[in-house]
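The next block holds one structure in the form of structure tokens; read it before the comments.
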Amino acid sequence: MEGPSPVSRRHLLGGALALLGAGAAGCAIPIGLGSAQRRVRYWHFLGASDGIIMNRMVGAFAKANPDIFVEENVLAWGEPYYTKIAMAGAGGRSPDLATFHLARLSGIGAGRILDPINLDLLAENGLRAADFSPPIWERAHIDGELYAVPFDAHPMVQYYNTDISRKAGLLGADGKLKPTTGTDELLAMLRTAKDTLGGKPPLVFDALGLGTVGPWRVWESLYAQSGGTLVSDDGARVALDDAKALDALRFMQLLGKEGLCSPRTDYGASVAAFTNGEAAFLWNGDWETTGLKERKTPFSMARFPSVFGSGAAQADCHSFVLPHQRSRDPETEAATYRFIAYLVKHSADWAVAGHVPAYLPALEEPSYLALQPQSEYRSVITEVALDPKVWFAGSASRLWIEFGGAFSPVISGSRTPEQGLDTAKQALNRLMSAPNPFPAKEG
């Protein structure tokens, strides 16, 4: 899960999963001189179903590699996690490996807080650049040097209630939602679903609340589809296209004005409304898949609708990074790369949580293709709309919160699209002028 709401849950799960990791590995943390195991210290923020699946994968690795012990430490999701990584990296006393949101990479202090990836060790373990989604692999680089190994993408997707959609005549002969292209087809679909629901808003997403980021995710998906960008490639100047930005905002306001979406639902309420069959569609990240299955909601999933040209969808990516250490033990480093390669090559197992593997061979594995509805939106992996390369972007970032707050009133109609864009631009200029708290290593 990748929104503001799960932070406290992840925090509570952290200690329990760390203990569970030791149990799944079938051993205790090696202490003293007699151990034949090599310890790899691994930090991550994965809670709820993500954390359970990762813990199982750590356990499976332990069984396949009895000479390596992975010490799993689960920390609080969000800003506290990155602060701790930064502090550990700056002090050179870091874990051997950490999970990281890829969009956070640009601002985290390459060479001072994170160490570069050893391409030779990747190759020794069977991982090649050609095996990864090109835009995601490119984004894992800073100044031409690889600093992260991509694991997945978790994009905005369209969940749909299969019972409501069938009743509204929106499913094709294959039982899947008929795709829409452009504004007219999407609006027609939503209006039909609204009629089927007796006039209730058919679409829900995180639109309101303290720290809401749903409006950012929706807007960025629409804006990216038209080819819009936020900042220049070098991250030095604002590059917003006002016309394209306003097109997206006007469409979002139309959804609220016509009662096609609910402008007054926060994250939890939007998920609850969809879960309970009160809405036909949910726009959210792909991480609600497991919860909806557990609650037996009749649903499936599709790519975020193509509205303004391409099929782009806002996304971030989980990746693996090496927090800075003053010196790395060669045997521990070799064990770390074996662990990374194992997780990446088994990312079809990870996809159970809803995320799309960044490792392209996994997308063709029968076990992944059999995952329903997870495999239905896999083609988005080459059309992900990643955040700009600035220090204040990425999951749980100020960019998401500032833009979410600027655009939320546009959906409800209490702010014009022009006012919303002006507020967002002021926030963006303010963030661009603020110093990066984690500068890269000089020299």
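Bear in mind that the values here come from a model prediction, so they are computed numbers and not experimental data.
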Criterion side-chain contact (heavy atoms from CB on, under 4.5 Å) on L343 and D349, from CA distance to verdict: CA-CA 9 Å; L343 294 177; D349 296 337; over 6 Å; no
- Please walk me through it: do D50 and H355 pass side-chain hydrogen bond (donor to acceptor under 3.5 Å, both in side chains)? CA-CA 10 Å; D50 282 3; H355 311 315; 3.2 Å; yes
Discussion item. Assess the residue pair L122 and N118 against the criterion (side-chain contact (heavy atoms from CB on, under 4.5 Å)); give the C-alpha distance rounded to whole Å, side-chain angles, the decisive distance to 0.1 Å, and a yes or no.
Written reply: CA-CA 6 Å; L122 273 188; N118 187 317; over 6 Å; no
Worked verdict on Q372 versus M301 for side-chain contact (heavy atoms from CB on, under 4.5 Å)
CA-CA 9 Å; Q372 294 292 325; M301 299 161 71; over 6 Å; no
Q. For F100 and L114, what are the C-alpha separation, side-chain angles and deciding distance, and is it a side-chain contact (heavy atoms from CB on, under 4.5 Å)?
A. CA-CA 11 Å; F100 214 79; L114 300 180; 4.2 Å; yes
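Taking 4.0 Å as the cut-off between side-chain N and carboxylate O, K389 and E138 count as a salt-bridged pair. Checked for salt-bridge contact, R191 and E258 meet the test: a charged N lies under 4.0 Å from a carboxylate O. A salt bridge links D163 with R166: the closest approach of a Lys/Arg side-chain nitrogen to an acidic carboxylate oxygen falls below 4.0 angstrom. The pair R104-E79 meets the salt-bridge criterion, with a side-chain N (NZ, NE, NH1 or NH2) lying under 4.0 Å from an Asp/Glu carboxylate O. Salt bridge present: E376 and K176 bring a charged side-chain N and a carboxylate O closer than 4.0 Å.
A cation-pi contact, defined as under 6.0 Å to the ring centre and within 45° of the axis, is absent between R217 and F205.
Under the 6.0 Å cut-off for aromatic ring centres, F299 and Y160 do not qualify, their centroids lying 6.0 Å or more apart. Residues F151 and W350 place their aromatic rings such that the two centres sit under 6.0 Å apart. Ring centers of Y159 and F281: at least 6.0 Å apart, outside the cut-off. The six-membered or imidazole ring of F61 lies near that of F339, with a centre-to-centre distance under 6.0 Å.
Using a distance-only test at 3.5 Å, with no hydrogens or angles considered, no donor-acceptor pair links the side chain of N65 to the main chain of D67. A donor-acceptor pair is defined here as one N or O able to donate and one able to accept, closer than 3.5 Å; such a pair exists between the side chain of Y223 and the backbone of T229. At least one donor-acceptor pair under 3.5 Å links the side chain of S306 to the backbone N or O of S310. Put simply, the side chain of Q374 never gets that close to the backbone of Y368: no donor and acceptor are under 3.5 Å apart. Side-chain atoms of S165 come within 3.5 Å of backbone N or O of N161 as a donor-acceptor pair. Put simply, the side chain of D152 gets close to the backbone of H318: a donor and an acceptor are under 3.5 Å apart. Looking at T297, its side chain does come within 3.5 Å of a backbone N or O of T275 through a donor-acceptor pair. Judged by distance alone, with hydrogens and angles left aside, the side-chain atoms of S94 form a donor-acceptor pair with the main-chain N or O of G89 at under 3.5 Å. For S221 (side chain) and A313 (main-chain N/O), no donor-acceptor pair under 3.5 Å exists by modelled atom type. Q225 places a side-chain N or O within 3.5 Å of a backbone atom of A312 that can act as its donor or acceptor partner.
Residue D286 holds its CG atom at 14.0 Å from CD of Q158, rounded to the nearest 0.5 Å. In this structure, CG in L222 is found 9.0 Å from CG in L249, a value given to the nearest 0.5 Å. Rounded to the nearest 0.5 Å, atoms OG1 (T212) and CD1 (I411) are 7.5 Å apart. The distance from the CG atom of D316 to the CD atom of Q314 is 7.0 Å, given to the nearest 0.5 Å. Here CD1 of I68 is found 8.0 Å from OG1 of T336. Values are rounded to the nearest 0.5 Å. A distance of 10.0 Å separates CD1 of I113 from NE2 of H324, quoted to the nearest 0.5 Å.
L254 places a side-chain heavy atom less than 4.5 Å from the side chain of L187. Side-chain contact check for E288 versus F274: every heavy-atom pair is 4.5 Å or farther apart. Side chains of V356 and L363 form a contact here, defined as non-hydrogen atoms less than 4.5 Å apart. No side-chain heavy atom of V157 sits less than 4.5 Å from a side-chain heavy atom of L282. Counting only heavy atoms from C-beta outward, the side chains of R328 and D115 approach each other to under 4.5 Å. No side-chain heavy atom of L46 sits less than 4.5 Å from a side-chain heavy atom of N55. Looking at T99 and F320, their side chains come closer than 4.5 Å, going by heavy atoms from C-beta outward.
Considering R41, R39, R38 in turn, R39 is the only one that fulfils the salt bridge (Lys or Arg N to Asp or Glu O under 4.0 Å) rule with E71.
Ring geometry for Y82 against H101 counts as tilted: the plane angle lies between 30° and 60°, on a 0 to 90° scale. Taking the six-membered ring for Trp and thresholds of 30 and 60 degrees, Y342 and H346 have nearly parallel ring planes, at less than 30 degrees apart.
Using modelled atom types, one finds no donor on one side chain facing an acceptor on the other under 3.5 Å when comparing D206 with S270. For the residue pair D96 and T332, no side-chain donor N or O sits within less than 3.5 Å of a side-chain acceptor on the partner. If you check the side chains of D387 and W400, you find a donor sitting under 3.5 Å from an acceptor. No side-chain N or O of N125 forms a donor-acceptor pair with one of R338 less than 3.5 Å apart.
Take A98 and apply the side-chain contact (heavy atoms from CB on, under 4.5 Å) test, not counting sequence neighbours, and it matches W43, Y81, I85, V321, P323. Here D234 pairs with S232, A236 under the side-chain contact (heavy atoms from CB on, under 4.5 Å) rule; sequence neighbours left out. Listed by chain and residue number, nothing satisfies the salt bridge (Lys or Arg N to Asp or Glu O under 4.0 Å) test with K345 (two or more places apart in sequence, or in another chain).
Closest of all the heavy-atom pairs between S347 and Y359 is OG-CB, 4.0 Å. Taking each heavy atom of S262 and A207 in turn, the nearest pair found is O-CB, 3.9 Å. Residue L171 comes nearest to K178 through the heavy atom pair O-CE, 3.3 Å, listed as atom of the first residue, atom of the second, then distance.
Within a 6.0 Å sphere centred on CG of D174, other residues, nucleotides and ligands contribute more than 12 heavy atoms. Counted within 6.0 Å of NZ on K293, heavy atoms from surrounding residues, nucleotides or ligands total more than 12; the atom is thus considered enclosed.
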